[in-house]
Each structure stands twice: as structure tokens, then as C-alpha cells.
Number of protein chains: 2
Amino acid sequence: MRLSKLTDYATVILSVIAKNNSCVHSAVGMAEVTGIAQPTVSKVLKLLVKAKVLISVRGAKGGYRLARSPEKISVAAVINALEGPIALTECSASHHACEQARGCEIQGNWDLINKTVHNALESVTLADLILPVRPPREINIPVASLYR
Amino acid sequence: MRLSKLTDYATVILSVIAKNNSCVHSAVGMAEVTGIAQPTVSKVLKLLVKAKVLISVRGAKGGYRLARSPEKISVAAVINALEGPIALTECSASHHACEQARGCEIQGNWDLINKTVHNALESVTLADLILPVRPPREINIPVASLYR
DNA sequence: TATAACTAGGACCATTTTAGTACTATTTAA
DNA sequence: TTAAATAGTACTAAAATGGTCCTAGTTATA
């Protein structure tokens, strides 16, 4: 139940970009600011472009900038970019067990848990991350609504 | 962002036990029912005992039973038993970066995200898992309350 | 038009983590 | 006394992860 280091790096890098999204940021520059090794920074940036979280500008004076405003980039989107879809379980039981039970009985409930977690991560954006600790607005997650 | 297989097994095994908690269940028996290899089942059961989710009875006719009612065993507790504390990030930036920024600025916000996710997983219990898909009651997670 | 400053996209390897197994000791009902 | 259980630890193989490097393509500008 831990995010990968690359995802962690991504949030740091994105935070820096989000604070000044008017100009583009190069991988080398980001490496200097964050202290993360340049090849690793590049790897993260490329993945974020692939997931359409960032937009890249090639050539001299090129670099990266956010694909949309920080308010519209959720933590869930960042995790998705680096680690793929948020799915806590593959299949909640071995195939053999599933056969015995004629279809895994708790798998449906796991889907609901996934949704709950996903919703929680969707509700936090890059804009929230770069603010001093305190949420910008009241958020309610009516869990039961996820089941409808 | 995925649970380990062992955690997955744990939920399956616990579901079986929860459905009939009046008698104890042996590791061999659980292996047969779930289709998971017996040594692996034992490993999972031992970890669950260590985390006080299960209680073991040693000796012949021994086995395992829940340490408390299914309603009081949260998914968060199960994850905690198998994988340790739910902590999405170690430190949101490299030490070097943290020094530059005089203390990582987004770490505090990550703590809040952790709480949000933890809260979501705490709100689902073993009792919910074994019910046919549909929540037993309305749950609201006022996210902002986490910040107080 | 040449060059330097950029990103794109793989491929690669070392390290760590995970899964799964095995072994020995201990406990207890019959 | 024996058989059926759990406790605890150690070990190995496989998979995932982190990190690096290389080559190709793009573009501003001198």
C-alpha cells in the first residue's frame, strides 16, 4: 500500500511546475531544483506527457508545462500516469477458489473499495498540493453513492 | 497502487472464516476451501494472528477464529496486518530537495491524502465484504473533517 | 545553414521486494 | 504416546522497481 518512488517524484516535479506554469521547464532545470537525478526526472516527465498530464515543447528553449490548470489535475491522474489504473486487487481469489465458489463472491465488494479509494484520490488536486496545509474547500464523499 | 497477493489471500481467507466463526478453522482446511497452497495459507494466518485480527488455538483440533466480530474488522486493519501501516509516501522529495525547500512543502498535504485513503479503507469491514454486493448502511466521509 | 539545446523512445541492468516453500520447535486432544 | 495442530524463522526463485544510457528527432538562433 505504497506509491512508487517515481510517483512520489512526479508530485514534487509537478508541484514545482504548477507554481509557475507560464513558462516551460526543462528536465535539466527540474533536476537542479528538485535534486532528483536528471535521467530519472526525464523518465517521469515523459510518462506524464504520455498520460496527457503535461505538454512538451521540443527543440531549443523547449520543455514541459501543465496540460491544464492545477485544479484539473487530480492526484489520481498522477498515480494513473506513473503506475497505471488504480486497482487494489487483481482477482481476490485464485482461479481455483473462484471456480469452487462459482465466481468470486467478494470481488464485487473489492470493486466498490477501489472506487472509494479512487474517489478519495480524485478529490485532491495539484492545486491542493501546492497550497499550505489546509484544504481549499469542503468535500464530501457520500460512500453509498458509489454503489448506485 | 496495488495490494500484495498475500493481502488479497487474507481477505478471501477471512471471508471464509467470517461466514462461520463459531468453530475454529485449520490452515489445511482453509487451503482446501480456498485453493491457495497450504504453506501460503499458514503464512497469512500467522501474520493475521500477530496483528490480532485472528486468534489461534494450538494443538490437535486447534485452528483459527476471528479476534472480534466481522463488523469490527476493517479492511484497513487487514492491509495493516499484511503490509504494515498504510503510508502512500515515504518522503515526498529527496533529502536534497527537502533541504533546498527548507522542509518538504507538500509532505503535509500527503499526510492528509493518506488520512483520506485510510479513512476510506477503515469504513469498509469484513462484514461488508461477505455481504452480497451492496453496502449495509450509508457512510459519509466529510473529507474536510479530516483536517481538523 | 550549422550548432546547441532540447525532448522521444527504447533497451538495459542492478537492486529490492515479493511469493512461496521448508524446516524445526511447541502445544494439546485423544 | 501419538497425531494434529500452530509458532517462528530461514531460505530461494521470480518479479517488480529504480535508475541509467544511447540513439533519433526537433527547433531556436548565431
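We name chains A, B, ... by the order of the sequence lines, and we start the count at 1 in each one. The figures here come from the full heavy-atom set of this structure, side chains too, leaving out hydrogens, waters and symmetry mates. Just so it is clear, the model here is predicted, and its values are computed rather than measured.
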Phosphate-side-chain proximity, B/Thr40 and C/dT21, N/O vs OP1/OP2 below 4.0 Å:
yes
What integer distance in Å separates B/Leu45:CG from C/dG20:P?
14 Å
Starting the side chain at C-beta, find the nucleotide from C/dG20, D/dT6, D/dG19 nearest to B/Lys5.
C/dG20
Mind calculating the distance between CG (A/Leu3) and P (D/dG18) to the nearest angstrom?
10 Å
Determine whether B/Thr89 and A/Arg2 make a side-chain contact, defined as any pair of heavy atoms from C-beta on separated by less than 4.5 Å.
no
Testing the 3.5 Å rule here: is there a donor-acceptor pair between the side chains of A/Thr116 and A/Asn114?
no
Are any non-hydrogen side-chain atoms of A/Met1 and B/Val117 less than 4.5 angstrom apart?
yes
Does the side chain of B/Glu122 pick up a donor-acceptor pair with the side chain of B/Ser74 at under 3.5 Å?
yes
Distance, rounded to the nearest Å, where A/Arg2 contributes CZ and C/dT16 contributes C1':
14 Å
What nucleic acid atoms does A/Val57 come within less than 4.0 Å of, heavy atoms only: base, sugar-phosphate, or nothing?
sugar-phosphate
So among A/Ile17, A/Leu131, A/Leu14, which one has a side chain to side chain contact (heavy atoms under 4.5 Å, CB included) with A/Leu126?
A/Leu14
Distance check: side-chain N/O of A/Ser4 vs OP1/OP2 of D/dA16, anything under 4.0 Å?
no
Under the criterion side chain to side chain contact (heavy atoms under 4.5 Å, CB included), which of B/Val12, B/Ile13, B/Thr7 is the partner of B/Val44?
B/Ile13
Between A/Thr11 and B/Trp110, does the side chain to side chain contact (heavy atoms under 4.5 Å, CB included) criterion hold? Intermediate values first, please.
CA-CA 10 Å; A/Thr11 61; B/Trp110 265 117; 3.3 Å; yes
Does A/Tyr9 place a side-chain N or O at less than 4.0 Å from the phosphate oxygens OP1/OP2 of D/dG18?
no
Nearest-Å distance, NZ (B/Lys43) to C1' (C/dT21)?
9 Å
Taken to the nearest whole Å, NZ/A/Lys46 to P/D/dG19 is 15 Å
Does B/Ser56 put a side-chain nitrogen or oxygen below 4.0 Å from OP1 or OP2 of D/dA5?
no
Where along residues 58-67 of chain B does a heavy atom fall under 4.0 Å from DNA chain C?
B/Arg58, B/Gly59, B/Ala60
